[in-house]
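One structure is given below, encoded as structure tokens.
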Amino acid sequence: MSTDPRAANESSGPILRVAVAAPLLGTFDYWPPLAPCGTDAVPPRAGWVPGVRVLVPFGRSRRVGVLLELATTTEQDPTSLKHIERVLDPQPLLAAVDLVLIRWAADYYCQPLGEALFTALPVRLRRPRALDLEQERGVAATAAGRVLDLAELRRAPKQRALLTVIRAAGSGIGRAELTRQLGSCQPALRHLRARGLIEDCSIVPGVPAAATGVRAAPADAGPDLNPHQVEVVNQVTQAFGQFRSFLLEGVTGSGKTEVYIRLIQAAAARGEQTLLIVPEIGLTPQLRQQLAARLPFAPAVLHSGISDGERERTWHQVAAGRSEILLGTRSAIFTPLPRLGLILVDEEHDTSLKQQDGFRYSARDVAVRRAQLVGCPVVLGSATPALETLHNAQLGRYGWLRLPVRAGAAAPPRIALLDIRNQPLQAGLSGVLRESMRGEIASGNQVLLFLNRRGYAPVLTCHACGWVGECLHCDARLTLHLARRRLWCHHCGWFQPLPRACPSCGDADLRMLGQGTERLDDELRALFPATAIARLDRDTTRRQGELARLLEAVRRGEVQILLGTQMLAKGHDFPRVTLVGILDLDQSLYASDFRAPERTAQLIVQVTGRAGRAERPGRVVLQTRHPEHPLLQSLLRDGYAGFAAAALAERQEAELPPFSHLALLRAEAPMPEVPMAFLMSARTHAEVLREPDVHLWGPIPAPMERRAARYRAQLLVQSPRRGPLRRLLAGWTRALHALPRPRGLRWSLDIDPQDMS
Ligand code: ADP
Ligand code: ZN
Ligand code: ZN
């Protein structure tokens, strides 16, 4: 009998601790790989570096995992440990600091580490294949080489020509290609290498040089910054090299993008990479063009809309430090950046920054943690900051930077409430709004109409018996889509053909109630027959490239009336728009989610900000049947800041975030009793843990109890203090994973939930 069964055995080598790609808590220990059969050779220890992927036996199958650390003892029974089958990568894919970040995120969001790790890696690396990037020998500019003033090489024209071409290639250029462009150049290459301006690298054929390259043409210098912008740039650049969080609160059109560009340049001049996170892929083409027009290097781009192969190549290029800037959506926050010196999160209030399924993390909050680990500044930018972020700025945890005026000559739009009670509406538009529209169109301006509901009508009902079209699988009404002759569920995607007569009583008098964008579009064409109208919603932009085409037509002035859903509120600028009509937000004023007022205020301000830039001032008309509503009143009187102050006071009163912290346990199953029973027993386990100051609310059925044929329920955990909540969650997560799981039950834990439905 061994005296200490948990200690590793010298002859077998260390214990390798691995996170496996599986939804299981904890890590798993293995012995090193066995020597190849029939040899005594010890496998090369040099390959056992944390951050490499490994192939491991797991139950009756094999899984890909990531090596986390080498250990000398194990909590598992050492006699049961298996050997790693093989190491998959010659070098670690994740650096130590990346592993620390991902381990923190898995812990904070109560997620299995393996799931978190493989969220951070390109999806193809979940499979046990080695990096099969065919590689060729090449050279790339070093950090010093990228920022060197080329004038310093004026006495060495060959070196200068070489460095220019190598810099232009960005991610590296093959030897063969260099020789093809410049002829034989060995001595000059040797000199540049000796001076530390270039280094050898492997290059991946097929990465288009334009995707990464430094363009030969000098970039546009951009406008002179106004004093507010100068102050913001100074504050952030002074924080370079250390951790500091900033809220950049800048009204729409105040020149935030311009500030980002200057900061990216300043970071690059220090030889540091910038990570720029945006909420939506729809925003990346425009921003990408802006960056490309102004920076001497094009950004690497990562989002879910690009192919797995391209994503993997870009990931490697960035991780190898061969791109000055990575522009990406949510999941890009985990991409390794060896020279990271600045993190920017644009539209930080946007809910798309929070993943709503699987690994439910907030890219904004992970960004702050990452900046802290790396020791660099992070800037959270928005015209309508999240109340959480504002609160952090008010407490002094975040530096508070403001751009209070529009850049250049643009004047802020004026907002007017329009009481539509007892008003005759045509196409949902009051007489006042219709007249204003005619005036603007006659003067050659554009009008934007915002209606946050797609489809033709939200309700189809029978006038004879009161039947209403409802989804078979959800507690929800079906939306009428007239052009496609469907009744469609916007929650589960189920649809049925449009009935000719009432399915209940057979009467033919079916009526469409309410108005969606499709109907508005139709009715506007009757009201404004000679006017070019464009509709922008998920139905009209489904086809690839259609959104870009519509935006371009608007930009060129080929469209006089632009109507659409909240897609209009997101980042796009419409400089020729002088009138914005907000048609119907009344429902969202009274929604049950405690964040509804915040979202509504953000939407109004964001839509408003799209209008009237540069020399054309904008006007906003907000139609409502509740002109006395306190949200609308505070917004009109004191702008977003006034609204936010009032909303924060309400949150404090109600002990809601940011004055308390929430975790939401959701469960769902085909039978209604099952999720409730699961949550009841989860509640019992939480009570046993007895953390003071932690309150449990529920379980209760979800606001929409039945969705996609599953019954849903939730249990809310709330605490005014983060500490006790975190302690409870640590023990509770383990208990939840150990709970028996009835057939068909799915559960998930959402930390800092943004959407309570
Ligand atoms: P935001 O991102 O805050 O909405 P942008 O950065 O897009 O604002 O700037 C809005 C407009 O103002 C753009 O057309 C931009 O070129 C212009 N702009 C930005 N800064 C300046 C400046 N200092 N002087 C003149 N125009 C500017
Ligand atoms: Zn009927
Ligand atoms: Zn449905």
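Treat the numbers as computed from the prediction; the structure is a model and nothing was measured.
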Report the residue from V607, V621, T608 that forms a side-chain contact (heavy atoms from CB on, under 4.5 Å) with V580.
-> V607

Can you name the one residue among I333, I277, T389 that meets side-chain contact (heavy atoms from CB on, under 4.5 Å) with R364?
-> T389

State, yes or no, whether a side-chain contact exists between [X] and [Y] at a heavy-atom distance under 4.5 Å.
X	Y	answer
L433	I420	no
Y108	D752	yes
T119	I102	no
V278	T329	yes
Y260	L248	yes
R734	L25	yes
V345	S382	no
R651	R595	yes

Can K256 and E347 be said to form a salt bridge (Lys or Arg N to Asp or Glu O under 4.0 Å), step by step?
-> CA-CA 10 Å; K256 289 187 291 298; E347 309 291 357; 5.9 Å; no

Report the distance from atom [atom1] of [X] to atom [atom2] of [Y], rounding to the nearest 0.5 Å.
X	Y	atom1	atom2	answer
W488	T479	CH2	OG1	10.5 Å
H685	L739	NE2	CG	5.0 Å
S588	I604	OG	CD1	7.0 Å
L622	D584	CG	CG	10.0 Å
E388	E348	CD	CD	9.0 Å
L585	R599	CG	CZ	14.5 Å

Who pairs with M671 by side chain to side chain contact (heavy atoms under 4.5 Å, CB included), at least two apart in sequence or on another chain?
-> E673, V674

Would you call R421 and D419 a salt bridge, taking side-chain N to carboxylate O under 4.0 Å as the test?
-> yes

NZ/NE/NH1/NH2 to OD/OE distance under 4.0 Å, D521 and R454 = no

Nearest non-hydrogen partners of [X] and [Y], listed with the distance:
X	Y	result
A371	I343	N-CD1, 3.8 Å
L631	L589	CD2-CD2, 3.3 Å
L263	L344	CD1-CD2, 4.3 Å
A105	F359	CB-CZ, 3.9 Å
T335	L302	OG1-CD1, 3.6 Å
Y361	S331	OH-CA, 3.2 Å

Go through Y590 and H626 one step at a time and tell me if the ring-ring contact (aromatic ring centres under 6.0 Å, His included) criterion holds.
-> CA-CA 10 Å; Y590 293 97; H626 305 280; 5.0 Å; yes

Give a yes or no on whether [X] atom [atom1] has more than 12 heavy-atom contacts from other residues, nucleotides or ligands under 6.0 Å away.
X	atom1	answer
E655	CD	no
R726	CZ	yes
R666	CZ	yes
E628	CD	yes

Under the side-chain contact (heavy atoms from CB on, under 4.5 Å) criterion, do L568 and F574 qualify, and how do the steps go?
-> CA-CA 9 Å; L568 289 175; F574 306 110; 4.1 Å; yes

Please step through side-chain contact (heavy atoms from CB on, under 4.5 Å) for the pair L451 and L563, ending with a clear verdict.
-> CA-CA 7 Å; L451 178 62; L563 70 110; over 6 Å; no

For [Y], is there any backbone N or O sitting under 3.5 Å from a side-chain donor or acceptor partner on [X]?
X	Y	result
Q623	L429	no
D750	L664	no
R538	T565	no
R535	G564	no
R402	V232	no
R103	L113	no
R712	P675	no
R406	T252	yes
R360	Y109	no
E598	L387	yes

Describe, in one word, how the ring planes of F678 and W747 are oriented to each other, choosing from parallel (under 30°), tilted (30 to 60°) and perpendicular (over 60°).
-> parallel

Checking side-chain contact (heavy atoms from CB on, under 4.5 Å) for the pair L679/L665: CA distance, chi angles, key distance, verdict?
-> CA-CA 8 Å; L679 293 179; L665 179 63; 3.5 Å; yes

Passes side-chain contact (heavy atoms from CB on, under 4.5 Å), S757 versus D593? Steps please.
-> CA-CA 8 Å; S757 66; D593 192 321; 5.8 Å; no

